[in-house]
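Some notes on the structure that comes next.
Below, each value reflects all heavy atoms present in this structure, side chains not excepted, and no hydrogens, waters or symmetry copies.
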Amino acid sequence: PIVSAPDNKFQGLVTRFQLMALLCKGVIRDALETQDIVDLQVDFAEFNQMRGHRLMDPKLTQDLLDRTQVATSRGSAKLDLRRYANRSAMILPSWFSLHRTYLIFRTLGLRHLTVIDETARVVGIVTRKDLMGFNIDERLAAARIK
């Protein structure tokens, strides 16, 4: 999920693949290590045409992850991903029923959904794994106890 800086409100969604492709294509080598806010140099039209062929090279991916780790260890580097975010991504309110959530996952074949509170702040992510049969039974039993 992409969130606004001061209040963590949901702004949209960028998938892991999209993030890796953007980092591969748009990060200037030293930018992650020297800048506080990194402006990715990728045109939106180019972003929409990205495919995974560049991410197949393990050396490129490892180099990218190493540079990103250096930046995050500084604690101040931020990527502005708002222009690449899917602003119409599905979200769930935190009070949404487990049964209806399960139906949405099954019907749409989703892998994850962002969970927000009443002020649109991101409070979590529900994954397909969270909704597997054994987890549902455990969570429902725990909810009944409360």
Heavy atoms only: give me the nearest [X]-[Y] pair and the separation to one decimal.
X     : Y      : answer
Met90 : Ile104 : CE-CG2, 3.9 Å
Ala85 : Ile2   : CB-CG1, 3.9 Å
Ser94 : Asp117 : OG-CA, 4.0 Å
Pro1  : Ile125 : CD-CD1, 3.7 Å

Joint cluster assignment, Val115 & Ile91, ILVMFWY side-chain distance < 4.5 Å
no

If hydrophobic clusters are built by linking Ile, Leu, Val, Met, Phe, Trp and Tyr wherever their side-chain heavy atoms come under 4.5 Å apart, do Leu92 and Tyr102 end up in the same one?
yes

Sequence neighbours excluded, which residues qualify as side chain to side chain contact (heavy atoms under 4.5 Å, CB included) partners of Ser97?
His99, Arg100

Sequence-distant partners of Asn8, side chain to side chain contact (heavy atoms under 4.5 Å, CB included), two or more places apart
Val3

Give the C-alpha distance, both sets of side-chain angles, the deciding distance and a yes or no for side-chain contact (heavy atoms from CB on, under 4.5 Å) between Ile116 and Val123.
CA-CA 5 Å; Ile116 61 166; Val123 294; 5.6 Å; no

Stepwise side-chain contact (heavy atoms from CB on, under 4.5 Å) test for Thr101 and Val126:
CA-CA 9 Å; Thr101 301; Val126 176; 4.2 Å; yes

Using 0.5 Å steps for rounding, measure from the [atom1] atom of [X] to the [atom2] atom of [Y].
X      : Y      : atom1 : atom2 : value
Leu98  : Leu131 : CG    : CG    : 6.0 Å
Asp7   : Thr119 : CG    : OG1   : 8.0 Å
Arg121 : Lys9   : CZ    : NZ    : 9.0 Å

Quick check: are there more than 12 heavy atoms from other residues, nucleotides or ligands sitting under 6.0 Å from CZ of Arg128?
yes

Enumerate donor-acceptor pairs with a distance under 3.5 Å from any side-chain N or O in residues 105-114 to protein atoms, sequence neighbours excluded.
| from | atom 1 | to | atom 2 | distance (Å) |
| --- | --- | --- | --- | --- |
| Thr107 | OG1 | Leu103 | O | 2.7 |

